[in-house]
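What follows is a set of notes on a single structure, which appears directly below.
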Amino acid sequence: MARIAGIDLPRRKAIRYALPYIYGIGHKTAADICTKAKVPEDRKVDELTEVDVKAIRDIIESDYQVEGDVRREVQQNIKRLMDLGCYRGLRHRRGLPVNGQRTHTNARTRKGPKRGVMSRRR
């Protein structure tokens, strides 16, 4: 089992499709990493030798930010927007969609479950 950047990669997938399981690596970056490490993109994770895994690990550590570093940077960017008090920061603070989506009927993921209209007590 290949463990890179603290993530266990799925064994039966090709390395090109297994690397995006690491936060901060997408499909294009995964293809670039395979090219730099001189590992065929269609090789399964099970079939990788220890040398291949070490080469991939070294390239990721030296050239890319992954996992905790990327998550921390994203959180700092959001916090900065909130501290500035700009429109996007206010939307984050209120838990509403940030990028101009409709909120009258949608946005349930950001707003949470519906709060129904309470019936009057008699």
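Residue numbers count from 1 along this sequence. In this text, all values refer to a predicted model and were calculated from it rather than measured experimentally.
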With a 4.5 Å cut-off on side-chain heavy atoms, are [Y] and [X] touching?
X	Y	value
L96	R91	yes
V45	V53	no
I7	V66	no
R110	H92	yes
L19	I60	yes

Can you give me every donor-acceptor pair (side chain of residues 29-40, partner residue at least two apart or in another chain, under 3.5 Å) with its distance?
residue: D32; atom: OD1; partner: K28; partner atom: NZ; Å: 3.0
residue: D32; atom: OD2; partner: K28; partner atom: NZ; Å: 3.2
residue: T35; atom: OG1; partner: A31; partner atom: O; Å: 2.9
residue: K36; atom: NZ; partner: Y64; partner atom: OH; Å: 3.3

| request: Calculate, to the nearest 0.5 Å, the distance between atoms CD1 and CZ belonging to I15 and R43 respectively. | output: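 Nearest 0.5 Å value for the CD1-CZ distance: 10.0 Å.
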| task | Could you grab the distance from atom NZ of K44 to atom CG of D42, nearest 0.5 Å is fine? | result | 8.0 Å
| message | Could you go through K54 and E50, starting from their C-alpha distance and side-chain angles, then the distance that decides it, and tell me whether this counts as salt bridge (charged side-chain N to carboxylate O under 4.0 Å, His left out)? | response | CA-CA 6 Å; K54 184 169 179 359; E50 202 54 45; over 6 Å; no
| query | For R72, what residues pass the salt bridge (Lys or Arg N to Asp or Glu O under 4.0 Å) criterion, not counting sequence neighbours? | reply | D69
| query | For E41, which residues count as a salt bridge (Lys or Arg N to Asp or Glu O under 4.0 Å) partner, sequence neighbours excluded? | reply | R16
| In terms of heavy-atom contacts, does CZ of R94 have more than 12 from other residues, nucleotides or ligands at under 6.0 Å? |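 Open: at most 12 neighbouring heavy atoms sit under 6.0 Å from CZ of R94.
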| task | Sort and list the pairs that fulfil side chain to side chain donor-acceptor pair (under 3.5 Å) and have at least one residue in residues 17-27, not counting sequence neighbours. | result |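 Applying side chain to side chain donor-acceptor pair (under 3.5 Å) to every pair that reaches into residues 17-27, excluding sequence neighbours, yields K13-Y21.
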| query | Which pairs pass salt bridge (Lys or Arg N to Asp or Glu O under 4.0 Å) with one or both residues in residues 77-88, sequence neighbours excluded? | reply | K79-D83
| query | T49: what forms a side-chain contact (heavy atoms from CB on, under 4.5 Å) with it, not counting sequence neighbours? | reply |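 Here the qualifying residues are V51, D52.
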| note | Between R57 and R3, the two heavy atoms sitting closest are NH2-O, 2.8 Å
